[in-house]
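Just so it is clear: chains get the letters A, B, ... in the order the sequence lines come, proteins before strands, and each one is counted from 1. What you see below is based on every heavy atom in this structure, not just the backbone, and it leaves out hydrogens, waters and symmetry mates.
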2 protein chains.
Amino acid sequence: MATNFDSLGEFGWISRLQKAIQPTNKSTIYGIGDDAAVLAGTEEEYKLLASDMLVEGVHFDVRYSPLKHLGYKAVVVNISDIYAMNGQPEQIVVSLAISSKYTVEAVEAIYEGMLLACKIYGVDLVGGDTTTSPAGLSISIAAYGSVKKDKITYRNGANSGDLVVVSGDLGGAYMGLQVLEREKSVFLENKEVQPDLSGHDYILERQLKPEARKDVIEMFEKMELKPTAMIDISDGLASEAIHIAAQSGMGVTLHEEKIPIDPSTYNTARDFNLDPTVVALNGGEDYELLFTISQSDYDKIKGSPHFTPVGYITADKEVYRFVDRQNGEHELQAQGWDAFLSKNKDVKGDKEE
Amino acid sequence: MATNFDSLGEFGWISRLQKAIQPTNKSTIYGIGDDAAVLAGTEEEYKLLASDMLVEGVHFDVRYSPLKHLGYKAVVVNISDIYAMNGQPEQIVVSLAISSKYTVEAVEAIYEGMLLACKIYGVDLVGGDTTTSPAGLSISIAAYGSVKKDKITYRNGANSGDLVVVSGDLGGAYMGLQVLEREKSVFLENKEVQPDLSGHDYILERQLKPEARKDVIEMFEKMELKPTAMIDISDGLASEAIHIAAQSGMGVTLHEEKIPIDPSTYNTARDFNLDPTVVALNGGEDYELLFTISQSDYDKIKGSPHFTPVGYITADKEVYRFVDRQNGEHELQAQGWDAFLSKNKDVKGDKEE
């Protein structure tokens, strides 16, 4: 009997793929399983290659995503994977599939956004492919970069006792999406009502025009800090923390009271009757960096407004714990937005392999 | 007034993009404008990066494309761009967008085909991204490889007097598609009638499961032949010959009587009341290599069953000529299957930047 693809979770699918694939070229240092593939470079450095696709109706809605922002975000999402290896993105190639409903001006706006992101992050757009699409718009980008061999940071290097640290704050992108979806519903029901987006600038920007944490990689360099493991937060804190722990053969414990949430995210979640912690744990799309450091490196990040320790790595393999404000212990679950379980258009449906 | 994107041809679009984009990283050796981007590698070699997207309803029809073949073809199409630089592909990353109509078994068949191509061509699948799609299937692949610095072959190196040479034969993939489309129409009109594909093995394979000319690159190595310019034939001989001539600042003249056409392609074209020469000039998707060589290298390919000289490069900038069997001269036109002019689903709608 045929198995519906939706019934196979992303975790299951990736592990099946990994087993099926044995790299054969000596230039393949590390294949499937991290934010980017690691390839042979020079004596001093590795090359990094990652790819991601954004699909209309799954990852974005052009009714409220300005196309310039969309192009910008498509680049950011991809180069974020290179930063997550502690590397520097240098080039991207772009494949666009475009239906005939789009005008030249629309496509130019997308490219304008992509080129703006390229400029800001110091990346060159070096090629790609444009094609028609029977319906909708898809943007597929491959990001390429390099990392010094002694700086490369995989997901699988976390050790027992390491601190789990997150940059910035979490849940904003998800709450921005909720605001946009609410105003869209209101508008669709009554076209006389103008969307009310006031007061939501921060979370709207987190959703529509996120930034990748290039600055964090630069701070690591200055602070002489090398994380033991790192991943970018595309699917939510819970899912990414479990990725690091699982791939490191460790366990992880997160503390609710430590999770950094911006007041505007917090207040909007409350207005929507959502638990801000759940939003931060599972919201995704924040493109912050989640990393682990040796306890002896704690002094390097202590007091920094950019970094928040949210938990620690344990030797309890496959034990993923969440401690709430009342000190209650729960199992941490990667509810994430699993590519093949989430059916709602307003939750993100993809997952990096 | 908004310009419909379809009204801007691909040539126009690429040149607009190229003007807008100025590479800033010293690791970018050559950006948009060839089969692959050329990036800094080691002392001896460059790295190559190319991407291509195949979209259901534009590039393939799952009603007659076996999914395993489709996966195979998606890889071949991409690594062909690396061979077209006289390079060797080493890794690919794959982004798949999949609608819920596909089963796990279907997706596995696609991956099986991709992994078979990887095995045959010595390429590693090192990562990517899987996502849901509201409708249909898209496969976006980035191919990565390397080329010795003294072997790299751009499109823009052709000189006046150079011979224009093609590998294999042309037009087969297009006629294979015509047979498939005809049988589909017959079947859709009367579901009692079984498709009749007999006797068309060669052209069907050219369409459904093409090969990239890795062997040609190996022959160049053995023959100590370095083409002056090269491109792969994805859009048709006419379009690709003009690409080489235009980017080299030259003209080109092709001779009808020289164009290699397999008898089965020829006969099927006749059955369809199509001119076999037009099919070979504009059919596309053959993934043969079109290259130019210095006349002094002619002895190296003379008599080879793999190579056919079809014309020569002239100093007449922007003059693209076609000489028919009656010695009549015509303007050679890149009718190709321009990404934004072709509306029929049965002609291919993309173009490499």
Criterion side chain to side chain contact (heavy atoms under 4.5 Å, CB included) on Leu115(A) and Ile21(B), from CA distance to verdict: CA-CA 8 Å; Leu115(A) 292 175; Ile21(B) 293 172; 3.5 Å; yes

No-hydrogen, no-angle side-chain donor-acceptor test under 3.5 Å, Ser27(B) and Gln91(A): yes

Where on Ala106(A) is there a heavy atom nearer than 4.5 Å to chain B: the side chain, the backbone, both, or neither? neither

Can you spot which of Asn25(A), Val38(A), Thr28(A), Asp34(A) makes a side chain to side chain contact (heavy atoms under 4.5 Å, CB included) with Val126(B)? Thr28(A)

Approximate separation, where rounding is to 0.5 Å, of Lys119(B) NZ and Gln22(A) CD: 12.0 Å

Where do Thr24(A) and Val123(B) land on the side chain to side chain contact (heavy atoms under 4.5 Å, CB included) test, with the steps shown first? CA-CA 8 Å; Thr24(A) 57; Val123(B) 169; over 6 Å; no

Does NZ in Lys151(B) sit with more than 12 non-hydrogen atoms of other residues, nucleotides or ligands closer than 6.0 Å? yes

With chain A as the partner, which of Ser133(B), Ser146(B), Ala142(B), Pro23(B) has the greatest number of non-hydrogen pairs under 4.5 Å? Pro23(B)

Measuring heavy-atom distances to chain B, does Lys47(A) have an atom under 4.5 Å in its side chain, in its backbone, in both, or in neither? side chain

Please flag which part of Ala97(A) lies under 4.5 Å from any non-hydrogen atom of chain B: side chain, backbone, both or neither. both

Do the side chains of Leu54(A) and Thr131(B) get nearer than 4.5 Å, heavy atoms only? no

Around Lys149(A), counting heavy atoms of other residues, nucleotides and ligands shown, do more than 12 lie under 6.0 Å from its NZ? yes

Test ring pair (Phe, Tyr, Trp, His ring centres under 6.0 Å) applied to Tyr144(A) - qualifying residues, sequence neighbours left out: Tyr144(B)

Between Thr132(B) and Val55(A), is any pair of side-chain heavy atoms under 4.5 Å apart? no

Measuring heavy-atom distances to chain B, does Ile141(A) have an atom under 4.5 Å in its side chain, in its backbone, in both, or in neither? neither

Contacting moiety of Glu56(B), where chain A heavy atoms sit under 4.5 Å: backbone

Minimal non-hydrogen separation, Met53(A) against Ser138(B), with atom names: CE-O, 4.0 Å

Please tell me whether Asp129(B) and Ser51(A) have a donor and an acceptor in their side chains that are separated by less than 3.5 angstrom. no

With sequence neighbours left out, write down each residue that passes salt bridge (charged side-chain N to carboxylate O under 4.0 Å, His left out) with Lys184(A), or none if nothing qualifies. Asp61(A), Glu181(A)

Can you list the steps and then say if Asp52(B) with Ser95(A) is a side-chain hydrogen bond (donor to acceptor under 3.5 Å, both in side chains)? CA-CA 6 Å; Asp52(B) 243 318; Ser95(A) 290; over 6 Å; no

